[in-house]
S.K.: 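Once you've had a glance at the structure underneath, I'll fire off some questions.
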There are 2 protein chains.
Amino acid sequence: MSGVREQKKQQTRKAIIDAAVKLFTEKGFEQTSMDELARAAGVGKGTIYGYFKAKEEIFLAYCEAELEFAFAALDRKIDEEASLVDQLVAYMMGQITFVTENREFGRIFAREMTFPGENTRLRSRDLDMRYLNKLGEVLGRAQLRGELPAESELLLLIAHLHALYILVLSSIYSGDVTSLENAKIFCRSLVLQALHGPAAIAQAPLDVQSGWQELRQQFLEQRKLEM
Amino acid sequence: MSGVREQKKQQTRKAIIDAAVKLFTEKGFEQTSMDELARAAGVGKGTIYGYFKAKEEIFLAYCEAELEFAFAALDRKIDEEASLVDQLVAYMMGQITFVTENREFGRIFAREMTFPGENTRLRSRDLDMRYLNKLGEVLGRAQLRGELPAESELLLLIAHLHALYILVLSSIYSGDVTSLENAKIFCRSLVLQALHGPAAIAQAPLDVQSGWQELRQQFLEQRKLEM
DNA sequence: GTAAAATCTCGACCGCGGTCGACTTTATCT
DNA sequence: AGATAAAGTCGACCGCGGTCGAGATTTTAC
């Protein structure tokens, strides 16, 4: 049972991912066909499906590497002594900035991560956990500092914040939020409310208040909600 | 400019939607091909694309009718005098039950609604607004009753609750939540926290607390989060 | 060493969603 | 009414993601 076979398999796998990174980066996910990918990786198309169940799975493998990098960069930039809100907003915006760097790419990523198909469920969960763990760390530190009540249920808060992140992303793709600045204001307002209850905005610093009011106007005009 | 043409167009449009309702219901969205749909509607395949930009757009048109019905049923069942939390959970669960009635259908719906493509953006926004308006009504009534601080920013709260709904849906597709019962417990915990702050669960009635603790255990085991 | 079994590779092939331009039907103009 | 323009219809056709089984390659058994 010499490792010849195993070795080759690893090579092939790497060749596929490398080709995917190159092509997806160069021309995007949807614009890269499996035929191209196979040719670029130097294998038959069918072979790819021995390594990945679907095109989306390759996509997530590709994301894994990229996200790793983005998170590392973010970690370096985060100020652990900043206020909880600032840190949370920073993480959320880091993630959002990364995802929406390319709009089409981000939509696929968001769709696959938030509502994964059976093929991609496990892989997307892996990726998700990195982000959730990050949130957990930030919250844990805040709890130690006393910035968060000791009896807070951290897991629930993590879920909560994750929900807000998804919402902001969704707002970007629904057209309610059209710039990263607005996304940030939105994030901040939501986080404030999550941490300090429904009346938090009314007590927030003036710049947050006014920023939100402006956004609010845009929402109402765009969506014609009856309020 | 007799209306002959316009009349025919309306007929054709209706024929397409009718066929879609029949086929999507019978065999599902993905299992219905555009060729079949065209044949069933009695038109050429190309004709359909004169009425809808993409298969997904037909899907959303199909949903519109179904959702209308589901909401009406829900409205009839909702107790306007129940507590705010109960009403919110009821609406969220109504929506979730509807969406996940068929798993594949629900995933497409959720993906298209949360991260719409350029083709389906406007239509998905229309649908979204119905749900948001419902939330607004419930919150507005609660504010009048004094169950919600007068200075609460309703729009922000609506956004917040919408985020929670999406999260619960996402948890179902990620495999974190595997039954409607669990979804309900999750919903309730999240809503409580959203309305009463991060420490709300610790003060919740015992059954909510214990239900959540059980769910929490499942999460941790499944996801192996470091907490 | 060799035969049998297990594994991996490949590209022709499938059905799909979506496009295109030739064709038919309706509206408009004189 | 006849001619021209405009609008609508259609299915052959395209490239796509994914499958399949024949054939090549490695492992195992003797």
Side-chain angles (χ1 to χ4, degrees), chain A residues 1-17 19-20 23-24 26-62 104-105 107-108 111-112 116-120 123, chain B residues 1-17 19-20 23-24 26-62 104-105 107-108 111-112 116-120 123:
Chain A
M1 63 101 176
S2 80
V4 174
R5 196 152 216 161
E6 197 57 32
Q7 195 178 331
K8 267 200 178 182
K9 275 183 71 174
Q10 288 312 319
Q11 271 177 24
T12 304
R13 182 180 199 85
K14 186 165 184 319
I16 294 172
I17 293 190
L23 291 179
F24 288 173
E26 257 174 41
K27 31 186 304 187
F29 175 72
E30 306 212 70
Q31 284 66 46
T32 303
S33 75
M34 292 302 276
D35 277 298
E36 279 179 287
L37 182 55
R39 233 174 300 126
V43 300
K45 185 159 67 151
T47 303
I48 298 183
Y49 288 87
Y51 292 85
F52 301 93
K53 284 191 210 139
K55 196 185 179 188
E56 277 78 16
E57 205 187 332
I58 308 178
F59 179 74
L60 288 185
Y62 158 77
E104 301 314 310
F105 157 88
R107 173 166 27 239
I108 300 167
R111 284 183 176 185
E112 214 61 51
E118 305 303 329
N119 277 338
T120 45
R123 208 173 269 271
Chain B
M1 67 104 172
S2 80
V4 173
R5 194 150 215 165
E6 196 58 31
Q7 195 178 332
K8 266 200 177 179
K9 275 184 69 173
Q10 288 311 319
Q11 272 178 24
T12 304
R13 183 183 198 84
K14 186 166 183 319
I16 294 172
I17 293 189
L23 290 180
F24 288 174
E26 257 173 42
K27 30 186 305 188
F29 175 73
E30 307 213 68
Q31 283 66 46
T32 303
S33 76
M34 292 302 275
D35 278 299
E36 279 179 288
L37 183 54
R39 233 175 299 125
V43 299
K45 186 159 66 152
T47 303
I48 298 183
Y49 287 88
Y51 291 85
F52 300 93
K53 285 191 210 139
K55 197 185 181 190
E56 277 77 16
E57 205 187 332
I58 308 178
F59 179 74
L60 288 185
Y62 158 78
E104 301 314 311
F105 157 89
R107 173 163 30 234
I108 300 168
R111 284 184 177 186
E112 213 61 51
E118 304 303 329
N119 277 338
T120 46
R123 209 173 267 272

S.K.: Is a donor-acceptor pair below 3.5 Å formed from side chain Lys55(A) to base dG18(D), judging by atom type as modelled?
M.R.: no

S.K.: Give the rounded distance in Å between these two atoms: NZ of Lys45(B) and P of dG21(C).
M.R.: 17 Å

S.K.: Calculate the interatomic distance between Gln7(A) atom CD and dC8(C) atom P; express it in whole Å.
M.R.: 15 Å

S.K.: Parallel under 30°, tilted from 30 to 60°, perpendicular over 60°: which one fits the rings of Tyr62(A) and Phe105(A)?
M.R.: perpendicular

S.K.: Nearest whole Å is fine: how far is dG17(D) C1' from Asn119(A) CG?
M.R.: 12 Å

S.K.: Rounded to whole Å, how long is the line connecting atom CG of Leu37(B) with atom C1' of dG11(D)?
M.R.: 15 Å

S.K.: Could you tell me whether Glu104(A) and Arg107(A) make a salt bridge, using a distance below 4.0 angstrom between a side-chain N and a carboxylate O?
M.R.: yes

S.K.: Before accepting this row, confirm whether a basic side-chain N of the pair Glu36(B)/Lys27(B) lies closer than 4.0 Å to the acidic partner's carboxylate O.
M.R.: yes

S.K.: Expressed in angstrom and rounded to an integer, what is the separation of Met34(B) atom CE from dA12(D) atom P?
M.R.: 17 Å

S.K.: Give one of base, sugar-phosphate or nothing for Ala54(A), where a contact means two heavy atoms less than 4.0 Å apart.
M.R.: sugar-phosphate

S.K.: Any side-chain N or O of Tyr49(B) less than 4.0 Å from the OP1 or OP2 oxygen of dG8(D)?
M.R.: no

S.K.: To the nearest Å, give me how far apart NZ (Lys53(B)) and P (dG17(C)) are.
M.R.: 19 Å

S.K.: Lys8(B) side chain N/O closer than 4.0 Å to the phosphate oxygens (OP1, OP2) of dT26(C)?
M.R.: yes

S.K.: Calculate the interatomic distance between Asp35(B) atom CG and dC10(D) atom C1'; express it in whole Å.
M.R.: 12 Å

S.K.: Does a distance-only test, which skips hydrogens and angles, find a donor-acceptor pair under 3.5 Å between the side chain of Lys9(B) and the base of dG8(D)?
M.R.: no

S.K.: With the side chain of Ser33(B) defined as its heavy atoms from C-beta on, choose the nearest nucleotide among dC16(C), dC16(D), dG11(C).
M.R.: dC16(C)

S.K.: If you assign Thr47(A) and Glu56(B) each to the DNA chain C nucleotide with the nearest heavy atom, which residue ends up on the more 5' nucleotide?
M.R.: Thr47(A)

S.K.: With a 4.0 Å cutoff (strictly under), does any side-chain N or O of Tyr51(A) reach OP1 or OP2 of dC8(C)?
M.R.: no

S.K.: So, Glu112(B) and Arg111(A), do they make that salt bridge, N to O below 4.0 Å?
M.R.: yes

S.K.: Please tell me if the side chains of Ile58(A) and Tyr51(A) come closer than 4.5 Å, counting only heavy atoms from C-beta onward.
M.R.: no

S.K.: Just the rounded figure in Å: distance from C1' of dC16(D) to CZ of Phe59(A).
M.R.: 18 Å

S.K.: Would you tell me if any nitrogen or oxygen in the side chain of Thr12(B) comes within less than 4.0 Å of OP1 or OP2 on dG8(D)?
M.R.: no

S.K.: Between Gly46(A) and Glu36(A), name the one whose nearest nucleotide on DNA chain D is closer to the 5' end.
M.R.: Glu36(A)

